[in-house]
Amino acid sequence: MSAWRAIFFGINLAACFGWIFITARFFAESDRDAFAAVIWTLVALPAVAVGVAEWLLFTRRAPRLERPLGIVAGLVGALAIFAFLANVAEVVHSSASPDVDFWLLFGAACLAVGAYSFWCSWLRTSRRTLAESRGFPVN
């Protein structure tokens, strides 16, 4: 098994649990009516689906999930870069600018998430985290 598969599993599963925790916390702080329950459930469902897919890929070695999870990682990376560029465009358009600490922390976080996600996406879509089969290929 590739070491990248274990690294991606750990980080991505932790991110899924973090997202589920954040949505549960926001639901707990809301009015707790039926509409809020449906909305927060819909917000948490993608994290549940990705977490289950990560678990199936890691424990059950389901190679058919490698490429879709790579595509999801690429979308997360694109979203992180978009968030950074949208904030830069907002600062350029407005007159008020956040201080340097915000840019260092937010910019580093967005660029780190984007770089990690694109790396995960590239390795998974090119199927470089799959275990090498032993022996000679038989056609």
Side-chain angles (χ1 to χ4, degrees):
M1 175 172 43
S2 172
W4 285 112
R5 180 174 281 189
I7 292 169
F8 292 156
F9 170 72
I11 293 174
N12 294 346
L13 196 66
C16 289
F17 283 140
W19 184 257
I20 293 167
F21 174 75
I22 288 170
T23 56
R25 183 171 173 228
F26 277 119
F27 175 69
E29 293 174 357
S30 69
D31 296 335
R32 295 185 187 162
D33 58 344
F35 181 72
V38 169
I39 293 300
W40 292 116
T41 302
L42 290 176
V43 169
L45 277 178
V48 172
V50 170
V52 168
E54 286 284 346
W55 179 78
L56 287 173
L57 178 64
F58 187 73
T59 59
R60 305 286 182 165
R61 291 178 177 83
R64 67 184 182 279
L65 293 174
E66 187 108 29
R67 192 172 301 259
L69 285 173
I71 293 169
V72 168
L75 292 173
V76 168
L79 185 64
I81 299 300
F82 175 75
F84 178 72
L85 293 177
N87 278 305
V88 168
E90 183 179 346
V91 166
V92 168
H93 182 65
S94 69
S95 60
S97 176
D99 51 350
V100 175
D101 294 338
F102 170 78
W103 284 113
L104 290 177
L105 184 64
F106 181 73
C110 285
L111 295 177
V113 168
Y116 165 76
S117 296
F118 287 137
W119 179 253
C120 179
S121 176
W122 180 71
L123 286 179
R124 282 191 167 170
T125 54
S126 62
R127 297 187 182 262
R128 294 180 189 257
T129 62
L130 293 173
E132 297 278 333
S133 59
R134 293 184 169 209
F136 296 105
V138 178
N139 293 332

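In this text the structure is predicted, and so the values were computed from the model without any measurement. Hydrogens, waters and symmetry mates play no part in the numbers below; they use all other heavy atoms, side chains included.
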### Message
Counting neighbours of CZ on Phe21 that are heavy atoms of other residues, nucleotides or ligands and sit closer than 6.0 Å, is the number greater than 12?
### Response
no

### Query
Is the backbone of Val43 close enough, under 3.5 Å, to the side chain of Trp19 for a donor and an acceptor to pair up by distance?
yes

### Query
Is it true that a side-chain atom of Arg124 and a backbone atom of Arg67 form a donor plus acceptor pair closer than 3.5 Å?
no

Joint hydrophobic cluster, [X] plus [Y], side-chain heavy atoms closer than 4.5 Å:
X     : Y      : answer
Leu45 : Ile39  : no
Val91 : Phe84  : yes
Phe82 : Leu85  : no
Ile81 : Val113 : no
Ile7  : Trp122 : yes

Identify the two heavy atoms, one from [X] and one from [Y], that lie closest to each other, and give their separation to 0.1 Å.
X      : Y     : value
Thr23  : Ala44 : OG1-CB, 3.5 Å
Ser121 : Gly74 : CB-N, 3.5 Å
Leu123 : Phe8  : CD1-CZ, 3.8 Å
Ser117 : Val76 : OG-CG1, 3.6 Å
Leu57  : Leu69 : CD2-CD1, 3.8 Å
Glu54  : Asn12 : OE2-ND2, 3.0 Å

### Query
Taking it one step at a time, do Phe27 and Thr41 satisfy side chain to side chain contact (heavy atoms under 4.5 Å, CB included)?
CA-CA 9 Å; Phe27 175 69; Thr41 302; over 6 Å; no

#### Entry: Parallel, tilted or perpendicular: rings of Phe102 and Phe106 (30°, 60°)
parallel

### Query
Can you tell me how far the CG atom of Leu42 sits from the CH2 atom of Trp40, to the nearest 0.5 Å?
11.0 Å

### Distance, nearest 0.5 Å, that separates SG of Cys16 from CD1 of Ile11
12.0 Å

### Query
Just wondering, do Leu104 and Val100 contact through their side chains at under 4.5 Å, heavy atoms?
yes

